[in-house]
Amino acid sequence: QVQLVESGGGSVPAGASLKLTCTASGLTFINYAMGWFRQAPGKEREFVAAIAWRGMSLNYGDSVKDRFTIWRDNTRNTVYLQMTNLKSEDTAVYYCAAKYAPQAHISVVTGREFDYFGQGTQVTVSS
């Protein structure tokens with residue numbers, strides 16, 4: 001079955017950086033757009049970033065643009081999220097997600113529900 005396993009979360013002060021990693025198994029990785037979502041306590045799940053199958057097209061949520069970077073390594077079935085200049089409002093559980101979209105531009109998956117989600121990793125930013 002499909003498994004997405006996140007790692008790299010933690011507790012950091014405001015202004016710090018963290019890199020999240022998600023390793024996928026049970027799927028043909030290159031056929032999937034990959035994304036990151038987050039959910040803070042009492043709030044709805046929020047889109048963070050997504051990357052198309054070959055890594056050539058990307059999309060970011062407005063609140064993380066210019067601070068977060070997503071990229072993928074198709075040889076390792078892994079997607080990454082580099083987070084810089086973290087703010088207290090970035091505190092949330094971060095989820096890796098996969099959307100079946102072979103050879104598709106990222107616009108195809110924008111705004112659509114992803115197929116699979118990981119268990120999440122906690123990121124806590126103290127001000």
Side-chain angles (χ1 to χ4, degrees):
Q1 70 275 22
V2 175
Q3 282 193 312
L4 305 175
V5 180
E6 305 97 335
S7 62
S11 296
V12 296
S17 299
L18 276 177
K19 186 176 82 172
L20 304 184
T21 299
C22 170
T23 301
S25 61
L27 51 72
T28 302
F29 189 69
I30 201 168
N31 284 341
Y32 285 77
M34 299 299 296
W36 289 95
F37 292 77
R38 67 186 183 187
Q39 188 164 20
K43 295 188 176 181
E44 294 189 354
R45 187 170 63 199
E46 177 188 11
F47 169 74
V48 175
I51 185 167
W53 66 291
R54 204 169 47 169
M56 301 299 287
S57 59
L58 315 171
N59 192 20
Y60 292 96
D62 289 339
S63 61
V64 306
K65 280 179 182 176
D66 301 324
R67 298 190 298 123
F68 291 11
T69 303
I70 185 172
W71 74 100
R72 64 191 290 163
D73 184 344
N74 289 341
T75 67
R76 297 177 183 270
N77 283 13
T78 300
V79 61
Y80 305 92
L81 184 70
Q82 178 69 52
M83 307 184 292
T84 63
N85 190 22
L86 282 160
K87 306 175 181 180
S88 57
E89 51 263 43
D90 294 318
T91 294
V93 177
Y94 283 70
Y95 298 93
C96 176
K99 174 69 176 174
Y100 184 69
Q103 302 186 31
H105 189 271
I106 200 63
S107 59
V108 172
V109 305
T110 299
R112 300 184 65 182
E113 184 67 24
F114 274 57
D115 300 316
Y116 304 101
F117 287 85
Q119 292 298 307
T121 185
Q122 176 71 46
V123 172
T124 302
V125 184
S126 56
S127 57

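Remember, predicted model here, so these are calculated numbers, not experimental data. Heavy atoms only: backbone and side chains are in, while hydrogens, waters and symmetry mates are out.
A chain of hydrophobic side-chain contacts below 4.5 Å, direct or via other Ile, Leu, Val, Met, Phe, Trp or Tyr residues, connects I70 to L86. Cluster annotation: L20 is connected to V48 through the hydrophobic network of ILVMFWY side chains, with a link wherever side-chain heavy atoms come within less than 4.5 Å.
Side-chain atoms of M83 and V64, non-hydrogen and from C-beta on, never get closer than 4.5 Å to each other. Put simply, the side chain of W71 reaches to within 4.5 Å of the side chain of Q82, judged on heavy atoms. Within the 4.5 Å cutoff, no side-chain heavy atoms of I106 are placed close to those of L58.
No hydrogens or angles considered: nothing links the side chains of T21 and R76 as a donor-acceptor pair under 3.5 Å. A side-chain donor-acceptor contact under 3.5 Å links T124 and Q122.
Within a 6.0 Å radius of CD in E46, more than 12 heavy atoms belonging to other residues, nucleotides or ligands are found.
Aromatic ring orientation, Y32 versus Y100: perpendicular (interplanar angle above 60°, classes split at 30° and 60°). Classified by interplanar angle (parallel below 30°, tilted 30° to 60°, perpendicular above 60°), the ring pair Y95/F117 is perpendicular.
Under 4.0 Å is where a charged nitrogen must lie from a carboxylate oxygen, and between D62 and K65 at least one such pair does. Taking the charged nitrogens against the carboxylate oxygens, R45 and E113 do have a contact shorter than 4.0 Å, which makes a salt bridge.
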